[in-house]
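Beneath this line is the structure, given in structure tokens, with notes to follow.
Residue numbers run from 1 in the order of the sequence given. What's counted below: heavy atoms across the whole structure, side chains too, no hydrogens, waters or symmetry copies.
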Amino acid sequence: MARRAGNRSKKGANRRGRTKRTSERRPGRRVARFLVRAASILAVGMLALVALFSVVNPPITWTMVSEYRRLGTIERDWVPMERIAPVAARSVVAAEDANFCLHWGFDVAAIRKAIESGAVRGASSITQQTVKNVFLWQGRSWFRKALETLITPVVELFWTKRRILEVYLNVAEMGEGVFGIEAAARHHFGVGAAELTAPQAALIAAVLPDPKGRSPARPSAALNRRAAAIMDGAATIRVDGRAACFED
């Protein structure tokens with residue numbers, strides 16, 4: 001009897017020990033399950049937004065909100081691709097991503113070249129910049145870059161190249177607090193996006209890397225040289241077919 005009682009007490013102690021260890025592990029499991037569910041919800045939500053914005057224009061971006069808070073006002077006016085001068089679209093592509101029609105969201109050759117030269121800018125495609133502007137925020141964090149890398153192929157899958165460029169031309173900052181090609185054309189030159197000439201379009205495209213520090217209406221000698229190179233590039237991609245994916 002004493003031996004059986006001892007066995008029962010030993011089994012009970014083992015059960016209690018296992019229960020205690022299991023209960024100690026449960027909080028970690030609950031946290032892991034919560035994180036997996038949260039990540040799944042975010043992924044589904046982002047997928048829904050990507051699908052929605054393939055046909056609905058994004059109402060606002062984080063950059064616009066940030067600039068509005070800083071400046072007290074911003075300029076923006078959405079226009080469809082049909083109301084943007086073709087030379088303006090070609091100029092922006094020539095300036096920012098000449099191989100836009102040839103890749104699936106990442107210009108591998110440009111990325112490799114930027115890494116080899118140690119450049120901090122110049123490898124992001126128009127699709128990547130559109131993702132950053134529409135879905136994310138400005139800044140150079142690895143976390144933001146990782147999200148951008150994940151979302152970019154999804155946008156390429158759901159959106160046409162023409163839609164990607166249309167959205168980019170309407171959300172990119174093209175002057176301090178000036179967002180989109182229509183607002184930029186009116187702010188800098190007093191015309192609509194449909195009326196932009198090749199030199200004007202090239203000057204607007206030339207300020208994209210630094211819209212707060214450069215002015216198309218008051219270009220420096222360096223900016224004029226950059227605009228001239230963009231004009232040549234825009235003419236080149238028209239002739240060699242690298243504008244075919246976004247032109248009728």
Side-chain angles (χ1 to χ4, degrees), residues 46-47 50 53-54 58 61 63 81 84 86-174 180-181 184 198 201-211 214 223 225-248:
M46 184 59 68
L47 188 63
V50 171
F53 290 158
S54 68
T61 69
T63 307
M81 202 69 164
I84 299 173
V87 71
R90 289 194 297 270
S91 294
V92 169
V93 170
E96 294 294 293
D97 184 6
N99 293 320
F100 175 64
C101 289
L102 305 181
H103 60 66
W104 48 276
F106 303 98
D107 189 339
V108 177
I111 292 172
R112 186 181 297 115
K113 184 177 180 180
I115 292 173
E116 291 173 353
S117 65
V120 296
R121 190 193 176 279
S124 289
S125 68
I126 283 177
T127 310
Q128 288 176 272
Q129 293 182 55
T130 303
V131 167
K132 178 180 66 177
N133 280 307
V134 173
F135 301 103
L136 303 172
W137 60 93
Q138 303 297 321
R140 290 177 181 165
S141 70
W142 285 107
F143 179 65
R144 186 200 61 73
K145 196 66 178 178
L147 290 175
E148 177 189 300
T149 302
L150 290 172
I151 300 170
T152 293
V154 181
V155 168
E156 285 273 344
L157 180 65
F158 277 85
W159 299 9
T160 65
K161 287 286 191 177
R162 184 177 173 88
R163 176 59 175 170
I164 293 170
L165 184 58
E166 179 184 51
V167 173
Y168 179 74
L169 288 169
N170 279 282
V171 301
E173 191 172 14
M174 301 179 178
I181 192 71
L203 282 168
I204 290 175
V207 308
L208 283 167
D210 184 15
R214 302 177 183 178
L223 195 66
R225 287 193 297 272
R226 173 62 178 154
I230 290 171
M231 286 178 62
D232 289 343
T236 298
I237 66 171
R238 182 186 185 184
V239 172
D240 67 17
R242 281 182 291 166
C245 68
F246 57 86
E247 293 193 329
D248 293 330

With side chain to side chain contact (heavy atoms under 4.5 Å, CB included) as the test, would you mind laying out the steps for Phe135 and Val154 before giving the verdict?
CA-CA 12 Å; Phe135 301 103; Val154 181; over 6 Å; no
Rounded to the nearest 0.5 Å, the CZ atom of Phe106 sits from the OG1 atom of Thr127 at a distance of 8.5 Å
So Val155 and Val134, do their side chains get closer than 4.5 Å, heavy atoms only?
no
Quick one: does Arg163's side chain have a donor or acceptor within less than 3.5 Å of a partner on Phe158's backbone?
no
If every non-hydrogen atom of Ala94 is compared with every non-hydrogen atom of Ala234, which pair is closest and at what distance?
CB-N, 3.5 Å
Restricting to non-hydrogen atoms, name the atom on Ala202 and the atom on Met231 that form the minimum distance, rounded to 0.1 Å.
CB-CG, 3.4 Å
Separation between OG1 (Thr149) and CD (Gln128), nearest 0.5 Å, reads 6.5 Å
Would you check if Val167 and Phe53 make a side-chain contact, meaning some heavy-atom pair closer than 4.5 Å?
no
If you round to the nearest 0.5 Å, how far is CG of Leu147 from NZ of Lys145?
11.5 Å
Just so I know, are the side chains of Asp97 and His103 near enough to count as touching, which here means a heavy-atom distance under 4.5 Å?
yes
Closer than 4.0 angstrom, basic N to acidic O: yes or no for Glu247 and Arg90?
yes
Looking at Lys132 and Glu148, would you say the former's side chain and the latter's main chain have a donor-acceptor pair under 3.5 Å?
no
Looking at CG of Leu169 and CD1 of Ile164, how far apart are the two atoms once the value is rounded to the nearest 0.5 Å?
12.0 Å
For Trp137 and Arg144, which heavy atoms make the closest approach, and how far apart are they?
O-CD, 2.7 Å
One should read off an interatomic distance between Leu203 CG and Ile230 CD1, to the nearest 0.5 angstrom, of 8.0 Å
Is any side-chain heavy atom of Asn133 closer than 4.5 Å to a side-chain heavy atom of Glu173?
no
Between Glu156 and Trp104 the two heavy atoms that sit nearest each other are CG-O, 3.0 Å
Looking at every non-hydrogen atom in both residues, tell me the closest pair between Arg214 and Ala206 and how far apart they are.
NH1-O, 2.8 Å
Please check this pair: side chain of Trp159 against backbone of Leu165, looking for a donor-acceptor N/O pair closer than 3.5 Å.
no
For Gly105 and Thr152, which heavy atoms make the closest approach, and how far apart are they?
O-CG2, 3.6 Å
Consider only side-chain N and O atoms of Gln138 and Thr63, and report whether a donor and an acceptor are under 3.5 Å apart.
yes
So CD1 of Ile181 and CE of Met81: to nearest 0.5 Å the spacing works out to 10.0 Å
Given 3.5 Å as the limit, does a donor-acceptor pair link the side chain of Ser125 with the main chain of Asp107, or not?
no
For Arg162, does the CZ atom have more than 12 heavy-atom neighbours from other residues, nucleotides or ligands under 6.0 Å away?
yes
